[in-house]
Chemist: 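Below are the C-alpha cells for one structure; questions will follow.
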Amino acid sequence: MKLLKEVIIERGRIISSDVLKVDSFLNHQIDPELMKEIGKEFSRRFQEAGITKILTIESSGIAPAVMTGLELGVPVVFARKRKSLTLVDNLLTAKVYSFTKKETNEISVSNEHLHQEDVVLIIDDFLANGQAVRGLMDIVKQAHSTMAGVGAVIEKGFQSGGNLLREQGIHVESLAIIESLASNQITFREETE
Ligand code: 5GP
C-alpha cells in the first residue's frame, strides 16, 4: 500500500535493527485518514472471504480493525490483555508473549462475542514472530469459529511470523512488508509496492 509506505518512511523511527516506532500515526497518536484508507484496503483484500467478525488485540490493533469493520459492515472484537471486573464469565483465553514488552500476557475474549457460525478476520498493527496472531487464532479455535485470514498493517518480513502462517496455508495480507531495518534504513519487500 503506497500511502502507508510513504507514511512509514516519513514518520516511522527505527529504534533498533528489529523494532520500528510508529507512535505518531498508529501506536499512540492515530492518523484517522490513514486508518480509513487501511480499512478500505483490508476490506478490498478480504472482500470475497465472507467475513462476519473481526478479531484484534488491544490496543494498537483496534484502530485499523474498526476501520476495516466499518468498510466490511461487521463488528469488531478486541482481546483484552488485562483482567476486567466486567469480563469474568465464559472467557476464551490464550497466552501471548509480547515481542516489544518481553513479557507473557493472558489475553481474553468473552465467548458471547465469537460463535461457531462466525468467519473471523484477525487484524493487528504488526506481524513479527506471530505470537499475537497465534494467541488470537487459538481463541478463534476455542470458539469453533472459522478463520478467514490475517491482516497486518506492517509485517516485518525478516521475522518468521508471516511466512510460518503462509506455510500453514493461512491467507495473510500485510499492507507493508519491511525486509530490513539494518543500517538505519527502511527497506520494503518489492511485491508490496
Ligand atoms: P508478534 O506477536 O508477531 O511477534 O509481534 C506483534 C506484536 O508486537 C504487535 O501486536 C505489536 O504490538 C508488537 N510489535 C512487534 N514488532 C513491533 C515493532 O517493530 N514496533 C512496534 N511498535 N510494535 C511491534
Side-chain angles (χ1 to χ4, degrees), residues 1 4-31 34-35 38-39 42 54-69 76-82 92-109 120-141 147 149-189 192:
M1 183 180 168
L4 173 63
K5 291 206 274 184
E6 286 168 4
V7 174
I8 292 171
I9 294 287
E10 211 175 292
R11 294 158 69 185
R13 279 187 39 216
I14 298 170
I15 298 295
S16 65
S17 61
D18 61 1
V19 178
L20 180 71
K21 189 170 174 174
V22 292
D23 279 24
S24 68
F25 60 94
L26 181 59
N27 285 162
H28 194 14
Q29 173 171 266
I30 293 170
D31 181 332
L34 178 64
M35 291 307 126
I38 284 171
F42 277 137
I54 293 175
L55 179 64
T56 187
I57 183 166
E58 67 174 353
S59 52
S60 300
I62 296 176
V66 167
M67 297 318 275
T68 308
V76 177
V77 179
F78 66 89
R80 291 182 188 257
K81 287 178 182 163
R82 282 164 290 272
L92 308 169
T93 62
K95 292 232 183 314
V96 172
Y97 178 76
S98 164
F99 173 76
T100 42
K101 299 199 179 97
K102 311 281 181 227
E103 63 184 30
T104 300
N105 288 299
E106 187 172 69
I107 62 166
S108 47
V109 172
V120 180
L121 170 61
I122 290 174
I123 296 240
D124 203 6
D125 57 343
F126 271 91
L127 177 54
N129 292 315
Q131 300 289 324
V133 166
R134 279 185 192 286
L136 293 170
M137 281 170 60
D138 191 357
I139 283 176
V140 172
K141 197 171 160 197
M147 251 285 293
V150 173
V153 178
I154 303 171
E155 176 177 341
K156 290 184 291 179
F158 55 88
Q159 290 174 289
S160 60
N163 287 342
L164 288 174
L165 293 170
R166 290 184 185 94
E167 279 165 19
Q168 273 182 264
I170 293 163
H171 179 188
V172 181
E173 293 284 349
S174 301
L175 303 187
I177 303 183
I178 294 176
E179 212 48 271
S180 166
L181 292 172
S183 311
N184 217 24
Q185 201 178 322
I186 303 172
T187 313
F188 292 104
R189 190 177 289 177
T192 58

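When a ligand or atom number is given, it counts from 1 through the structure's own listing order. Values below: every heavy atom of this structure, side chains too, minus hydrogens, waters and symmetry copies.
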Chemist: I need the nearest protein heavy-atom contact for atom 6 (C) of ligand 1: residue, atom name and distance, please.
Modeler: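 Ranked first by proximity to atom 6 (C) of ligand 1 is F126 O, 3.4 Å.
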Chemist: Considering non-hydrogen atoms only, spot the tightest contact between I170 and G149 and give its length.
Modeler: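 Shortest heavy-atom separation between I170 and G149 comes out as CG2-CA, 4.4 Å.
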Chemist: For the residue pair Y97 and E103, establish whether any side-chain heavy-atom pair is separated by less than 4.5 Å.
Modeler: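 A side-chain contact is absent here, since even the closest heavy-atom pair is not under 4.5 Å.
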Chemist: Which atoms of ligand 1 sit under 4.0 Å from any heavy atom of Q131?
Modeler: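 That gives atoms 1 (P), 2 (O), 3 (O), 4 (O) of ligand 1.
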Chemist: Counting only heavy atoms closer than 4.0 Å, does ligand 1 sit against the backbone of D125, its side chain, both, or neither?
Modeler: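 The answer is the side chain.
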Chemist: Suppose we measure from atom 15 (C) of ligand 1 to each protein heavy atom; which comes out shortest, and what is that distance?
Modeler: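 Protein heavy atom at minimum distance: F99 CD2, 3.5 Å.
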Chemist: What verdict does the side-chain contact (heavy atoms from CB on, under 4.5 Å) test give for L181 and I186, after you've listed the backbone C-alpha separation in whole Å, the side-chain angles of each residue and the deciding distance to 0.1 Å?
Modeler: CA-CA 5 Å; L181 292 172; I186 303 172; 3.9 Å; yes
Chemist: What heavy-atom pair brings R166 and V172 nearest, and what distance separates the two atoms?
Modeler: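 Distance-wise, the nearest heavy atoms are NH2-CG1, 3.6 Å.
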Chemist: Between G130 and ligand 1, is there a nitrogen or oxygen pair with a distance under 3.5 Å?
Modeler: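 Min N/O separation from ligand 1 is below 3.5 Å for G130.
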Chemist: Specify the protein heavy atom at minimum distance from atom 24 (C) of ligand 1: its residue, its atom name, and the distance to 0.1 Å.
Modeler: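 Looking at atom 24 (C) of ligand 1, the protein heavy atom closest to it is T100 CG2, 3.4 Å.
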Chemist: Answer with side chain, backbone, both or neither: which part of N27 has a heavy atom less than 4.0 angstrom from an atom of ligand 1?
Modeler: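 Near ligand 1, N27 shows its side chain, while the N, CA, C and O stay back.
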Chemist: Which residue is it: L26, I14, I15? I am looking for the one with a side-chain contact (heavy atoms from CB on, under 4.5 Å) to L20.
Modeler: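 Among L26, I14, I15, the one meeting side-chain contact (heavy atoms from CB on, under 4.5 Å) with L20 is I14.
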Chemist: Set out, in order, the CA-CA distance, both residues' side-chain angles and the distance that settles side-chain contact (heavy atoms from CB on, under 4.5 Å) for N129 and R134, then state yes or no.
Modeler: CA-CA 9 Å; N129 292 315; R134 279 185 192 286; over 6 Å; no
Chemist: Does K156 approach ligand 1 within less than 4.0 angstrom via side chain, backbone, both or neither, non-hydrogen atoms only?
Modeler: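 Answer for K156: side chain.
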Chemist: Closest non-hydrogen protein atom to atom 4 (O) of ligand 1, residue and atom name please, with distance?
Modeler: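 Looking at atom 4 (O) of ligand 1, the protein heavy atom closest to it is N129 N, 2.8 Å.
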Chemist: Which residue owns the protein heavy atom closest to atom 5 (O) of ligand 1, what's the atom, and how far is it?
Modeler: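 Heavy-atom neighbour on the protein nearest atom 5 (O) of ligand 1: A128 CB, 3.5 Å.
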Chemist: Short list, please: which atoms of ligand 1 are under 4.0 Å from a heavy atom of D124?
Modeler: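 Result: 9 (C), 10 (O).
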Chemist: Among all protein heavy atoms, pick the one closest to atom 20 (N) of ligand 1 and tell me residue, atom and distance.
Modeler: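 Protein heavy atom with the smallest distance to atom 20 (N) of ligand 1: L20 O, 2.7 Å.
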Chemist: Between K101 and F99, is NZ or CZ placed under 6.0 angstrom from the six-membered ring centre and within 45° of the ring axis?
Modeler: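 Not satisfied by the 6.0 Å and 45° rule.
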Chemist: What do you reckon, does S98 put a non-hydrogen atom under 4.0 Å from ligand 1?
Modeler: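 Outside the 4.0 Å threshold, so no.
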Chemist: Counting only heavy atoms not in E10, do more than 12 fall under 6.0 Å of its CD?
Modeler: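 No - once you tally the heavy atoms of other residues, nucleotides and ligands closer than 6.0 Å, there are 12 at most.
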Chemist: For a quick test of reading the model, state the closest non-hydrogen atom pair linking S98 to N105 and the distance between them.
Modeler: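 Closest pair (atom of S98, atom of N105, distance): CB-ND2, 4.5 Å.
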Chemist: As an exercise, identify every atom of ligand 1 less than 4.0 angstrom from a heavy atom of A132.
Modeler: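 In order of numbering, the contacting atoms are 2 (O).
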